[in-house]
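Keep in mind the model is a prediction, meaning the values are calculated, not measured. Below, all heavy atoms of this structure are taken into account, side chains as well, without hydrogens, waters or symmetry copies.
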Amino acid sequence: MTMEQGSLWGREPFIPQPMDYDRWQGHLRALFNVLRHGGWGHHDRLCEVTNSKNITARISNLRQKGYEIECMRLNDEGATMYRITQYLGVSTTRGGHCPTCTCGI
């Protein structure tokens, strides 16, 4: 899956601008690199790969930067998976955007 963004010339694959990407620090950059291709990432694996214990905060940071991120609860113990579905260019952080979200509550 390729993320796209709109432009005057139609839809184009989204690639962060170097000046934006360079400002992103460790955890956020690592999370984006794992999820950028649109595949599902398990919460525990994302924590491991990004070396972050609070991956939901980094998910929220990406949503604030304009990424639509879907999450799916796997079981009653709270195991969750995330994936980037598209880039909208405006904050997508809002309560109720998916069944497991607590953003804005």
Side-chain angles (χ1 to χ4, degrees):
M1 177 178 145
T2 303
M3 291 179 292
E4 295 182 340
Q5 64 184 5
S7 76
L8 295 174
W9 300 276
R11 309 277 308 157
E12 300 174 355
F14 174 72
I15 301 169
Q17 297 298 312
M19 63 185 171
D20 295 329
Y21 186 76
D22 289 344
R23 285 195 308 254
W24 295 1
Q25 299 300 308
H27 297 154
L28 185 61
R29 186 183 297 187
L31 177 63
F32 177 76
N33 285 335
V34 171
L35 296 179
R36 73 185 300 163
H37 302 292
W40 286 100
H42 190 278
H43 179 275
D44 294 343
R45 178 73 178 134
L46 294 174
C47 289
E48 179 183 322
V49 169
T50 63
N51 197 30
S52 175
K53 294 182 180 178
N54 190 1
I55 204 68
T56 55
R58 301 297 71 81
I59 294 288
S60 184
N61 292 146
L62 285 177
R63 286 177 172 146
Q64 290 168 357
K65 294 184 180 303
Y67 294 92
E68 187 173 78
I69 300 176
E70 185 178 11
C71 56
M72 174 176 50
R73 185 166 299 222
L74 301 175
N75 59 36
D76 291 339
E77 287 77 43
T80 307
M81 295 183 74
Y82 301 92
R83 71 175 176 175
I84 294 176
T85 56
Q86 62 182 329
Y87 176 75
L88 298 176
V90 295
S91 177
T92 63
T93 302
R94 61 189 184 281
H97 64 83
C98 63
T100 60
C101 179
T102 57
C103 294
I105 295 176

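Side-chain atoms of H42 come within 3.5 Å of backbone atoms of D44 as a donor-acceptor pair (strictly under, hydrogens ignored).
The distance from atom CZ of R63 to atom CD1 of I84, rounded to the nearest 0.5 Å, is 10.0 Å. Atoms OG and CD1, from S60 and I55 in turn, are 11.5 Å apart once rounded to the nearest 0.5 Å. Within the model, atoms OH of Y87 and CZ of R36 stand 13.0 Å from one another, a figure rounded to the nearest 0.5 Å. Considering CG of L31 and CG of L62, their distance stands at 5.0 Å, rounded to 0.5 Å.
When the side chain to side chain contact (heavy atoms under 4.5 Å, CB included) test is applied to E48, the partners found at least two apart in sequence or on another chain are R45. Here T56 pairs with N54 under the side-chain hydrogen bond (donor to acceptor under 3.5 Å, both in side chains) rule; sequence neighbours left out. Residues forming a side chain to side chain contact (heavy atoms under 4.5 Å, CB included) with N51 (at least two apart in sequence, or on another chain): none.
Under the 3.5 Å distance criterion, with hydrogens and angles disregarded, a donor-acceptor pair is assigned to the side chains of E68 and T85.
Of all non-hydrogen atoms in L35 and Y82, the two that sit nearest each other are CD2-O, 3.6 Å. Across all non-hydrogen atoms, the minimal contact from R83 to G38 is CD-O, 3.7 Å. Closest approach of T80 to C71, counting heavy atoms only: CG2-CB, 4.0 Å.
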Point to revise | Derivation of the side-chain contact (heavy atoms from CB on, under 4.5 Å) call for L28 and K65 | key: CA-CA 11 Å; L28 185 61; K65 294 184 180 303; 3.4 Å; yes

Exercise for review: Could you check H43 against L46 for side-chain contact (heavy atoms from CB on, under 4.5 Å), going step by step and ending with a plain yes or no?
Suggested key: CA-CA 5 Å; H43 179 275; L46 294 174; 5.8 Å; no

Exercise for review: Carefully, step by step, assess W40 and E70 under the rule side-chain contact (heavy atoms from CB on, under 4.5 Å).
Suggested key: CA-CA 9 Å; W40 286 100; E70 185 178 11; 3.8 Å; yes

